[in-house]
A.B. asks: 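Supplied in structure tokens, the structure appears directly below.
Every number for a ligand or one of its atoms is a count from 1 in the order of the listing. The chain is numbered in sequence order, starting from 1.
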Amino acid sequence: MAGNDDTRFSPATKLVISGRGPAADVVNPAVYRASTHLYPDCAALRARTAENRDGRFFYGRRGGPTQWALAEALTALEPGAAGTVLYPSGVAAIAGALLAVLRPGDVLLVTDNAYDPTRSMALGLLKRFEVEARFFDPLDPEGFADAFCDKTRAVMLESPGSLSMEVCDIPALAAIAREKGAVSLIDNTWATSLGFCAIEHGCDIAIQALTKHVGGHSDLMMGACTAGEAWYRRLRITSQELGHVVSPDDAALALRGLRSMQVRLRRSAASALVIARWLDARPEVAHVLCPMLPGSPGHDLWKRDFEEGCGLFTFVLAGRDDAARCRLIDALRLFGIGYSWGGFESLALPVDIGAVRKTMAWPPQSWREDDRYAIRLSIGLEDPDDLIADLGRAFAALDS
Ligand SMILES: *Cc1c(COP(=O)(O)O)cnc(C)c1O
């Protein structure tokens, strides 16, 4: 079966053929539930302990064939990658990557549109380890270049930004980081490797919450970091030191999700665009922040750099207040109210974007001051006409 060397195939084909495991007589790799791996003799045990790589039995904490198959498939999907480390959640992957890269006394530059737990980690855990986090505006590359000092070791990027969904010029930001001698990490959960080839666009470490698009069925939590040779080794050692391990059952679920990921992404992205256009035409809506929608912040960069979209976007009500926003969300029948996204079911969430911002004004200066009550939608695999009808009904509750 084809492995990581098969760079000639397109992503759709790699999704099917990669990470199929050692057995040729079944389609899917077996689920090996194993803490103990056995050796024929003491010499073999000693040899294996020193040889630290996927595909070699050692002990359950270094994973087994099911986890290796998933890591191999994720590596095959990221051009320029040497390996993938799996983590028990997306946040654990972010922590694992930052702890692998940073040392006390370092400065970490964090994009001001980062996922909120990334911000908390930078201001909490990392601060306790004497790393200083400084937030930058990713829409201002010149200001970003000026933010570096001789202690800046790493840059944490994310595009589109969490909640506010602006697409950033990642190739430009990553090039500046490289020129300044800093490592660039990117939270690539929205796009996945199918939508944005992070390493090819200049990033060193691509982080994903597999909980979202890869799992795709709202039934597992997992994260991954994919990187070139140098950083892969460091990530791997650090995650082993931290004792990170994912269960083989969850790895099998993630692999199953991965097989259909492109089909799901395309279907939910197409539905999201239809719904985004519909929302854009509603008088109650001031702004639709959807990378695939022409006129949305960073849409041109999305077209330039991305191969796929997805179902996650935000819209902002024209004026109103939090109570009106909640009435609208509570009136939805097909959208669940809950955290996470990227599942087969649609979700709606009230999001307050301005509360945590340090350098990026929210609402943006060009907007009306009272256009601030935002709702994030994760569009699933339902018929978009049914979702639009549901939203139409819910809008009637807005001013009731
Ligand atoms: C959900 C999410 C994560 C964290 O993933 P978990 O598996 O929930 O820990 C990281 N980054 C982004 C952008 C996310 O939306």
A.B. asks: Quick check against the 3.5 Å criterion: does Trp341 have a side-chain atom that pairs as donor or acceptor with the backbone of Lys212?
C.D. replies: no

A.B. asks: Who else is in the cluster with Met221 when I, L, V, M, F, W and Y are joined by side-chain contacts under 4.5 Å?
C.D. replies: none

A.B. asks: Give a yes or no on whether a salt bridge exists between Asp280 and Arg277, defined as a side-chain N under 4.0 angstrom from a carboxylate O.
C.D. replies: no

A.B. asks: Any chance you could pull the hydrophobic cluster mates of Ile199, using side-chain heavy atoms under 4.5 angstrom and chaining through other members?
C.D. replies: none

A.B. asks: Centre of Phe135's six-membered ring, under 6.0 Å away, within 45 degrees of the axis: is that where NZ or CZ of Arg119 sits?
C.D. replies: yes

A.B. asks: Applying side chain to side chain donor-acceptor pair (under 3.5 Å), can you list everything that pairs with Arg376, at least two apart in sequence or on another chain?
C.D. replies: none

A.B. asks: Non-hydrogen atoms closer than 4.0 Å to ligand 1: which protein residues do they belong to? List them by chain and number, please.
C.D. replies: Ser89, Gly90, Val91, Ile94, Tyr115, Glu158, Ser162, Asp187, Thr189, Ala209, Thr211, Lys212, Met221, Trp341

